[in-house]
> 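There's a structure below that I have some questions on.
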2 protein chains.
Amino acid sequence: MNSFATTKPQSSATAGVNECECAKPFATTMADLLDAMGAEQGDRFAALQLPIAVRRLRAGENLAHQGATAEALYFVRAGTFKVFHTDVDGYEQVLAFATRGEVLGFDALCMESHPTAIAALESSSVFVVLRSDLMMLSVKMPAFSMALQRAGSLSLARSRELADLMAAVASEVRLARFLIHISQRMAAARLSPRRFHLSMGRREIASLLGVANETVSRSFSALALAGLLHVADRDVEILDMEGLKAYARSTRRRADESLVAPTGGMFTRRSTPGRRSTAGLRAMVS
Amino acid sequence: MNSFATTKPQSSATAGVNECECAKPFATTMADLLDAMGAEQGDRFAALQLPIAVRRLRAGENLAHQGATAEALYFVRAGTFKVFHTDVDGYEQVLAFATRGEVLGFDALCMESHPTAIAALESSSVFVVLRSDLMMLSVKMPAFSMALQRAGSLSLARSRELADLMAAVASEVRLARFLIHISQRMAAARLSPRRFHLSMGRREIASLLGVANETVSRSFSALALAGLLHVADRDVEILDMEGLKAYARSTRRRADESLVAPTGGMFTRRSTPGRRSTAGLRAMVS
DNA sequence: CGATCAGTTGAAGGGTCTCAACGCGAGTGG
DNA sequence: CCACTCGCGTTGAGACCCTTCAACTGATCG
C-alpha cells in the first residue's frame, strides 16, 4: 500500500499512451512501446498477433535462476526487480535494481545460460519475449530492434553508474549516491523525488554498495542525524537535497592524473594532491 | 614489443576466418564478422560497400570524450581500451577494460552524449559504425543486428563481472579475481593464460578495483610473496593457478540468506554465519 | 505467545587510506 | 653526453573507517 511502485498509475493501455507525451520526445522505452501497442487481453497481445506474453510475479518470486538456460528476454512493466549473483560460498551479490522500462536477461544473450538470477522485490509484471522470436521481431519491427538496443544500452549505462556508487570510499557517500539515484529514477517515473519507499531491504542495499548491512544502518542514521534525511524503516524522505548531493560528491583522493593532452599525447599530470574531508558528516552535525 | 595484444596473429582477413573454427561454434563476435567480410582497403570496406571505417589509435589517444555527442559505435579490432568516468573533482574512475570483440560506446545509444570516455592503452584499432547508419545496417543485415545485440550483451555481462571484482572485501582478493579475469580473456584470445603483459598501469587497476594504487602494489607483492605470482612491473606470470583461484573465492561474510525457495516463496535463511579467513595470504606464506 | 527475522546500536580489532620517502626509467635540454 | 625532471612503482608508518561479533527492539506469523 505504501509502496510507490505498486500504485503506479498505468492501469489501462490507453491511459498509458497519453502519459508518454512529454517524457522523452525522441525515445520510447520498450515497456511504453509494448504497452501502447497491445491492448493486452488474456496475457496475450492479440491485436498485432505478437508472440509477447505478460507474466506477473509476487514478491520474492524468481524470474530467472542463476545458471538456468536463457530462453527469454524480459521487459519490466511494473514493479521492482533485483539482479543478483550467488557465490559458491552462498554470498549473495546484488548487481542491480530494475524498474519499469528496463530489460532483464539481456546479459544472457551472449551465452546459453543466465549468468545472473532475477527476483521480484514486490508484486511485478514483465513482458516476455522468447529468444527464438527475437530475430523475427527484429526484422519485422525496426522499432522493436531499436527499442531493444536502447534498453540494452540503458542497462549498461546503469551498470556503470553502479561502479560510480561503489567507487566512493566512505560508506555514507555510497549511500548518499544510491539515494540520489533512486530519487532521480523516481522523478523520471513522475513520482515524488523527495519521499519514497524502498522496496529492497538493508541487506540488499548493503550488497549493492559493497559494505556490511550494519554499515548501511549506521550510514542511514548518520545521514539522518546530519539533517539530510528522515528515515523510518524503508520510508525515506530527503530533507536537504542540495546538501545530500553536495555530500555525495565527495570522492576518493584525487588521482594525480586528471587531464589528457588535447591531441595524441600521453597523459599529463597535475601535482595538487587534494585531500578529502575525512571528517565527513561528523563535521556537519557538530 | 613485449605486449601481447600488439602481436596478436590476426593479420589477414582470410586467416582470420580460419581461426574461428573451434572457438565458439554458435557465436561470432562483431570483430570477427567484420574482419571476415571486409578485405579492408584504404580504411574502407569496399567489398560490400558497407559504411564501416577502420580507425587506428596510438597509446593514450582518446576515442571518445566524456560528454561529447555520441555519433558512432565502435568495435575493438585490436589493442586495449579503457572506459572511464572523470568526476567533477578530477578523480578518474575506470569502469572497464575492453579488448578485441567488444563494443565501445554502446552505453551512449540510449542518450545523446557519451556518459563515459574511452582511451586507447596501446596502439589499437576499431571499426567505426555511425549511428545514422545503424538502422539501415540492422535492417539489411540481420547478422549485424544479432552481432550487435550479442556485443552489447557481452558488455553488460562484463560490467557485472566487474561488480563481482569490487564485491570482495580484501584488496588481495580483488586483485586475484582481476588477474583471473585477465587470464581467462587471454585464453579466449588464444594466448598464454599464465604469462601476460598488463597494458594498464597500477593506478588504473586501482581505480577499477576501487582501492588506492599503493594498495594494489602491496597486493601484488603479497600475492608474489605467497608464491602465487611472479611480478615484474607490468609483466605477470601466474605460478599457481589453482591456488590463485582458490584464494579468489574468498568472499565477504556470508549473508544469512542463501537459497531461495524453489517455488514462489519468500527467502529461506540458514543460520551458519560462516567466517572469512581474515588471516588471508599471511597464513599461506608463514 | 514463542519463534524468527529485519533493523539498530555498541565495542573491539584489523585492513586500508593517506602521507612520505626512495629507486628507477624515460624523455629533455643543457 | 649527461644532469635534470617527471612520473611510475614500491615500501614504510600512523590514523581512521569498516568489519565482525554481540545484544536488543519491534514486527510478522504460525
Side-chain angles (χ1 to χ4, degrees), chain A residues 59-60 91 166-175 198 200-206 209-225 231-236 250-258 261 265-282, chain B residues 59-60 91 166-175 198 200-206 209-222 224-225 231-236 250-257 265-271 273-282:
Chain A
Y91 176 73
M166 298 177 68
V169 267
S171 63
E172 294 146 4
V173 176
R174 295 191 190 194
L175 182 61
L198 298 173
M200 67 292 290
R202 296 286 188 270
R203 192 161 317 200
E204 292 157 327
I205 297 175
L209 299 182
V211 297
N213 47 31
E214 297 96 331
T215 304
V216 173
S217 267
R218 273 185 261 267
S219 299
F220 264 119
S221 302
L223 291 174
L225 188 65
V231 183
D233 211 47
R234 297 192 179 183
D235 289 302
V236 175
S250 309
T251 55
R252 193 176 296 267
R253 170 187 57 169
R254 287 178 201 162
D256 294 339
E257 60 186 30
S258 66
M266 286 305 187
F267 306 96
T268 60
R269 315 282 164 181
R270 74 176 171 193
S271 54
T272 51
R275 77 184 56 204
R276 80 186 173 92
S277 64
T278 172
L281 277 176
R282 277 155 297 287
Chain B
Y91 177 72
M166 297 176 69
V169 268
S171 63
E172 295 147 4
V173 176
R174 296 191 188 194
L175 183 61
L198 299 172
M200 68 291 291
R202 295 286 188 270
R203 192 159 320 202
E204 293 159 327
I205 297 175
L209 300 183
V211 297
N213 46 32
E214 297 95 331
T215 305
V216 173
S217 268
R218 274 185 260 267
S219 299
F220 263 119
S221 301
L225 188 64
V231 183
D233 211 48
R234 297 192 178 184
D235 290 303
V236 175
S250 310
T251 56
R252 194 175 295 268
R253 171 189 55 167
R254 287 178 203 162
D256 294 339
E257 59 186 33
M266 286 303 188
F267 307 96
T268 59
R269 317 280 162 180
R270 72 175 172 194
S271 54
R275 74 184 58 202
R276 79 186 173 92
S277 64
T278 172
L281 277 176
R282 278 156 296 286

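Lettering of chains follows the sequences in order, A, B, ..., and the numbering in each one begins at 1.
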> Just the rounded figure in Å: distance from P of D/dC17 to CG of A/Leu209.
18 Å
> End-to-end bend of the helix from C/dC1-D/dG30 to C/dG30-D/dC1 (five-pair axes, 10° rounding)?
30°
> Among A/Leu225, A/Val236, A/Asp233, which one satisfies side chain to side chain contact (heavy atoms under 4.5 Å, CB included) with A/Phe220?
A/Val236
> A/Ile205 CD1 to C/dG7 C1': how many Å, rounded?
11 Å
> A/Glu172 CD to D/dC16 P: how many Å, rounded?
15 Å
> Figure out the CZ/C1' separation between B/Arg234 and C/dC24, and round it to whole Å.
14 Å
> Have a look at B/Ser171 and say if it touches a base, only the backbone sugar-phosphate, or nothing, with a 4.0 Å heavy-atom cut-off.
sugar-phosphate
> With sugar-phosphate meaning primed atoms plus P, OP1 and OP2, does A/Val216 contact a base, only sugar-phosphate, or nothing at under 4.0 Å between heavy atoms?
nothing
> Could you list the residues that satisfy side-chain hydrogen bond (donor to acceptor under 3.5 Å, both in side chains) with A/Ser217, not counting sequence neighbours?
none
> Using whole Å, what does the distance between atom P of nucleotide D/dG7 and atom CE of B/Met200 come to?
22 Å
> Atom CD of A/Glu214 and atom C1' of D/dT25: how far apart are they, to the nearest Å?
16 Å
> With a 4.0 Å cut-off on heavy atoms, is A/Thr215 in touch with a base, just the backbone sugar-phosphate, or nothing at all?
base
> Can you check whether A/Thr215's main-chain N or O pairs, donor with acceptor, with A/Ser219's side chain at less than 3.5 Å?
yes
> Taking CG from B/Leu225 and P from D/dT11, how many angstroms apart are they, rounded to a whole number?
10 Å
> Do side-chain atoms of B/Arg202 reach the backbone of B/Arg234 as a donor and acceptor pair under 3.5 angstrom?
no
> Is it the case that D/dT11 (base atoms only) and B/Arg202 (side chain only) share a donor and an acceptor within less than 3.5 Å, ignoring hydrogens and angles?
no
> Residues in side-chain contact (heavy atoms from CB on, under 4.5 Å) with B/Ala168, at least two apart?
B/Val173, B/Arg174, B/Arg177
> May I have the distance from B/Phe220 (atom CZ) to D/dG9 (atom C1'), rounded to whole angstrom?
11 Å
> Between the base of D/dG7 and the side chain of B/Arg203, is one N or O donor paired with an acceptor at under 3.5 angstrom?
no
